[in-house]
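Structure first, then comments.
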Amino acid sequence: MVDYNFNKIEKKWQKSWETKKIFEVGEKSKKKKYYVLDMFPYPSGAGLHMGHAFVFSLGDIFARFKRLQGYNVLYPIGYDSLGLPAENAAIKAGTHPKEYTEKSIANFMKQQKAMGWSYDWSRMVKTSDSEFYKWDQWIFLQMLKRGIAYRKKAPVNWCSKCESVLANEQVINGCCWRHEDTNVEIKHLEQWFFKITNYAEELLNGLDKVDWPENAKKLQRNWIGKSFGAEIEFSINNKPWKIFTTRPDTIFGVTFMVVSAQHPKLMELVTDKQKKEVEKFLKKIKSVSMKSMKDVENLDKEGVFTGSYAVNPMNNEKVPVYAGNFVLADYGSGMVMAVPAHDQRDFEFAKKYKIPVKWVVKSKVAEYTVIEKSLPKDKIAKLKDYGGISIIKEDKDWGKFYKVSVNLNNEGKFIKFLESNLLKTSDEGGAWYADSFTTTRAVVFPNKHFILNNVNDIQDYIKYGLKLGIPRNQLEVELQAFIDYGILTNSQGFNDLESSEAKEHIVKALEFKKLGKKTIQYKLRDWLISRQRYWGTPIPVVYCDKCKENVEKNSTELSFYDQESFENLKNGLKTVETRALNPEEKNRFFGNTIKGKYIKCVNKVNGEILFFEVVNVKIFKKLADFYKEKDLLNKTFSKEINSLSDLEDCYKFIEDYLDRINKNGLISWEIKRIIPGIVLISESQLPVKLPDKVKFGEGNPLTTNKEFVNISCPKCGSSAKRETDTMDTFVNSSWYYLRYTDPKNSRKIFDEKKVFYWTPIDQYIGGPEHITMHLIYIRFYAKFLKDLGLVKFDEPALRYFTQGIVHGSDGDRMSKSKGNVVEPLDTIEKFGADTLRLALVSFASPDSNTNWDEKTVLGSHKFLNKVFEHFSNIKYLKSSKADPRIESKINKLVKEVTVDIENFKHNLAVIKLRTFFDFMQDKNIDKENAKKFIVLLSVYCPFISEELWEKIGGKGFVSLADWPKFDDKKIDLKLEKQEESFEKTISDVLNILRIIKEKNGKDGDKVYLYVLPNELDIYNEENLSRRINKKVKVFVVNDKNKYDPGGKSNKAKPGRPGVFVE
RNA sequence: GCGGGAGUGCCAGAGUGGUCAAAUGGGUCACGUUAAGGCCGUGAUGGCUUAGUGCCUGCGAAGGUUCAAAUCCUUUCUCCCGCACCA
């Protein structure tokens, strides 16, 4: 027996690949590029876990596959080495995060190499490397200049003992993770945000262009959460207040308003009389928000009357305004119109505070619950004449409870039917309960006639039901809001319209009154990137009080009454304003500001203030000069004004304006959004490095480091303080794939040519947990960088594959506390990396969750043992030409395996490889075809394949060989069929032998086969004898000299020979 | 509550209209090999039946569409995952 020394083999090839650098790639290849990317790991001290082993193996298999197919494959790796866990682990271990991280990375690399993953190691990046995060800072500055990065107040978790902000996962049961007795407070602090919502629509549309799993796309769409609705103005104390609703069709049902308790302008609504009440309420809420998340989830809808009334723009009704804890301050406008009849939350609120409920949408069907006992038996069947019927439940006293959905047209008839057929068991007569106002649901009681129209009726209903002995849980008494679409009622001129139609009409009516408009809302929020932590990318800005003073003193104030222009400025859509040099036109936007001065833009509508710095002011005598300078001459523009260039182009269409320019020339401002007092570190000063010497345990280690914090302002030179927040680590992973294309560039973020050549990612592989976070961010970054002109693609990852999770053998997530963790390294030591790789893809389809199974590992190992042994003793056929069966099989194998790998169906591909190997073992094949098998195997088990490749005399490395081609013509289905017949015959014979033995207690000795003349070549005596392990003699049926004492030759059918055993 | 996904033989897990009693691996059993065990090899593994056959039951449950359903539709139950008061 030959010893499969996987240990020696794997070390040998690992070294060989590394010294020959066979996986390093460049841009100067004639091959087509292909970019395969694994999500880079966070290097934890624990080393690789099974999930890593799995997902990276999937990536490696795909990269190897594409490489063999002849692509120039970029398959890089790096480390997402900044982050909270490293900091925490380091604190725990008493080391510096840097040291901890470096150690972890070294450990990772060793293990990754042992797994045989074919990375181009020359392109490795680490996000903790200042040469990497330098470019994070650079992008940040670009975002800041364009208004994509901004600051605003946001609630954070604050531990007073740590004097630090905590991440959500550091809050345990409402307390600090390190101070279990300290309640975490919610503080509102100034935080940095990225304006990802600017790209909401693009992010949504881009999903149509990518080849991702449908569920991943759905998840993202849901996350972005686009909804159409209306913005409606309610007048409160003669001031307009906008609200957003998706149900304008229910506007006639508004009976109160609720403003978020966190609304910044809440107090404006509170009357003096109610002030105390409201303040009391706010205090109460605050204490609740400090409890655990679970309590918040089960929070009751609570509120307090503000004392103000709002006027409904449709019917001019006055409704009270409440402050409530269930309204989100940062979604929509922080205030809702409450329609208790048609919204469950509003309904509960109304019930609690006894606010009237007004029903304005009728269901299209009425639902009745009919109790079997209440109707004569023969009438029950009749129920279905009135609509759909189904059984809800069965009760031993009351019989079945039927749900009857009655079409509204039929309702009258149905009620008559009920009335005339109810059992009359008492003087009160038969009974039925018609519906509540909401669900039009009814229960038919045996003895009483019941119609419920309001909340009070319910009490009677329950009492009666209980009196009858119906268990309380079977009394469907809880009134609920009717939230479905239906037919409008109680809605003045809009009655009898269908909800969706009514929506349109009502919005139009509001638009006509200028009190509302159709709008779009997104659930997506801006991305909070501030982390009050050490081990992250420092945010490259400085706070300078002097500069702040300077800006405020030297700025020209401009007032905006036009919301849209203001929003455009705010969103950074417009960075240049031009205007003709016309003295009549005063201060249209920027006025007579000059370079180095500042503009303070005040939104008179909502009081918001923005600051801009004038970067450049130029005067052009002719419009043509301006175009030339801006390089706009040969551009074509859309007429929609979305950007600066559109705006400039737009002026061409205004003849009058053009005329004025021709007379007077044109002035152009280049402006930059600034936040007073915030000074950018200049690009040449990057990176802002993390200081090495820091103290942990006393708040943010950066804040306590005086050398880091204190700095002279880069702009004015006076003493200033650095920003001590660091960036969320998702920032690093949002563009790392671009850096791989040019990882060592110190001049630029990356070389355009290199990026254009390699990107976008052709195949991205990662876990399902990243769909809503990382994969949104990476797409957002791509879109921003495209706007900068740094990349050319819309979507960073064309194809995405989500792998499943490898669970422990007990089906639970692998975790130390459960003791079901299997370390990849242990398995490699015991069985080799090839075995582990093979086993990982054999468990199940890679996109479903799988359970670790030691048996599968053993099975895989057995297989590789067999393969190794077989190739050690193999005798090759000279050529396959003599046997078309081999040709047929190998071509079919190549064809199917290629498709399977392309679709990540590795479990199926492996089965096919194994089946083919069984065939190979049974029947020697020629060298060329054996080579093909090795190439196919090499994507899964590269080490053993290299060894076998060398043995068989293959050229170079199997890792760089050619993926075999297949020829459809050589796949011979007839041969396959014949083989099936052969197998079936063997099975038949064995079956007969078994039965004989069971019956007679002795074995048959000799087997005679009677085959049809044209099938003789299928049945080779030698092969048959070997498989059956008995002497087999084959006769043709019409052979006159055949030995056939049983007359079995008569039984021969096509594909199924006669059999005789003696 | 909303959204997504899944339920297949002893187990894991393929299969998404006929070629399906259902791939493959594991387990179990039998036989071979062996002094024996292991390894290895061969076969069996829903029920009944039979010298290689035939029939029945069957892919969570109940209905339905179809000449034909594990596969399509409806209802329902169970489990897993994600999001959580999104107006």
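Residue numbering restarts at 1 for every chain, and letters A, B, ... go by the order of the sequence lines.
The residue Val1059(A) sits close to a base: some heavy atom pair falls under 4.0 Å. Pro1057(A) comes within 4.0 angstrom of a base, heavy atoms only. Using a 4.0 Å heavy-atom distance criterion, Gly1058(A) is classed as a base contact. Contact annotation for Val327(A): base contact, defined as any heavy-atom pair under 4.0 Å involving a base atom. No contact: Thr856(A) has no heavy atom under 4.0 Å from any strand. Looking at heavy-atom distances under 4.0 Å, Lys912(A) makes no contact with the nucleic acid at all. Among the atoms of the strands shown, none is found under 4.0 Å from any heavy atom of Lys984(A). Counting non-hydrogen atoms under 4.0 angstrom, Tyr522(A) reaches nothing in the nucleic acid.
Nucleotide rG63(B): paired with rC73(B) (Watson-Crick or G-U wobble, both distances less than 3.5 Å). Across the strands present, rU78(B) finds its partner in rA6(B); the criterion is a Watson-Crick or G-U wobble pair with both atom distances under 3.5 angstrom. Base pairing analysis places rG25(B) opposite rC11(B); the two distances defining the Watson-Crick or G-U wobble pair are each below 3.5 Å. Across all strands shown, rG1(B) forms a Watson-Crick or G-U wobble pair with rC83(B), both key distances being under 3.5 Å. Across the strands present, rC31(B) finds its partner in rG41(B); the criterion is a Watson-Crick or G-U wobble pair with both atom distances under 3.5 angstrom. Nucleotide rA36(B) is matched to nothing when pairs are restricted to Watson-Crick or G-U wobble geometry with both distances under 3.5 angstrom.
OP1 or OP2 of rG41(B) sits under 4.0 Å from a side-chain N or O of Lys866(A). At the phosphate of rG26(B), OP1 or OP2 sits under 4.0 Å from a side-chain N or O atom of Lys862(A).
Whole-Å rounding puts the Phe917(A) CZ to rC40(B) C1' distance at 13 Å. Counting to the nearest Å, the P atom of rG82(B) and the NE2 atom of His774(A) are 19 Å from each other. Distance, Phe863(A) CZ to rU24(B) C1': 12 Å, rounded to whole Å. At whole-Å resolution of the value, CG in Leu858(A) and P in rC40(B) are 10 Å apart. At whole-Å resolution of the value, NZ in Lys242(A) and C1' in rA87(B) are 17 Å apart. Between the C1' atom of rU24(B) and the CZ atom of Phe919(A) lies a distance of 19 Å, rounded to the nearest Å. Separating the NZ atom of Lys518(A) from the P atom of rA87(B) is a distance of 16 Å, rounded to the nearest angstrom. Per the geometry, NE2 belonging to His770(A) stands 14 Å off C1' belonging to rG82(B), to the nearest Å.
Donor-acceptor pairing under 3.5 Å is recorded for the side chains of Asp249(A) and Ser499(A). Between the side chains of Tyr1019(A) and Thr985(A), at least one donor N or O sits under 3.5 Å from an acceptor N or O.
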Between protein and nucleotides 1-17 of chain B, map the contacts as a letter string: B base, S sugar-phosphate only, - none, heavy atoms under 4.0 Å, written 5' to 3'. ---S--------SSS--

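When the C1' atom is compared between rG41(B) and rU49(B), the two are found 31 Å apart, to the nearest whole Å. Separation of the P atoms belonging to rG82(B) and rA30(B) is 46 Å when rounded to the nearest angstrom. As rounded to the nearest Å, rC77(B) and rA69(B) have P atoms that lie 26 Å from one another. rC80(B) and rU45(B) have their C1' atoms separated by 31 Å, with the value rounded to a whole Å. Here, rU74(B) and rA21(B) have their C1' atoms 28 Å apart, quoted to the whole Å. Atom name P, nucleotides rG46(B) and rG9(B): the rounded distance is 12 Å, in whole Å. For the P atoms, the distance from rU78(B) to rA23(B) is 31 Å, rounded to whole Å. Distance noted for atom P between rG63(B) and rA12(B): 27 Å (whole Å).
Lys217(A) NZ: more than 12 foreign heavy atoms inside a 6.0 Å radius.
Residue order along RNA chain B, read from the 5' end via each residue's closest nucleotide, puts Asn991(A) first among Asn991(A) and Thr245(A). Each of Gly225(A) and Ile992(A) lies near RNA chain B, and the nucleotide nearest Ile992(A) is the one positioned closer to the 5' end.
A distance below 6.0 Å separates the ring centres of Phe256(A) and Phe349(A).
Among residues two or more places apart in sequence or in another chain, the side chain to side chain donor-acceptor pair (under 3.5 Å) test is passed with Trp527(A) by Asp728(A). Remark: Gln220(A) engages Arg779(A) in a side chain to side chain donor-acceptor pair (under 3.5 Å) (not counting sequence neighbours).
Closest approach of Leu510(A) to Ile251(A), counting heavy atoms only: CD1-CD1, 4.4 Å.
Val1037(A) pairs in a side-chain contact (heavy atoms from CB on, under 4.5 Å) with only one of the listed residues (Val1011(A), Asp1044(A), Leu1012(A)), which is Leu1012(A).
Comparing atom distances between the Val1061(A) side chain and each of rC40(B), rA51(B), rA87(B) picks out rA51(B) as nearest.
Relative to the six-membered ring of Phe1035(A), Lys1033(A) meets both conditions, a distance below 6.0 Å and an angle of at most 45° to the axis.
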Run the side-chain hydrogen bond (donor to acceptor under 3.5 Å, both in side chains) test on Ser842(A) and Asn907(A) for me, step by step, so that the C-alpha distance in whole Å, both residues' side-chain angles and the decisive distance to 0.1 Å come before the verdict. CA-CA 5 Å; Ser842(A) 300; Asn907(A) 53 333; over 6 Å; no

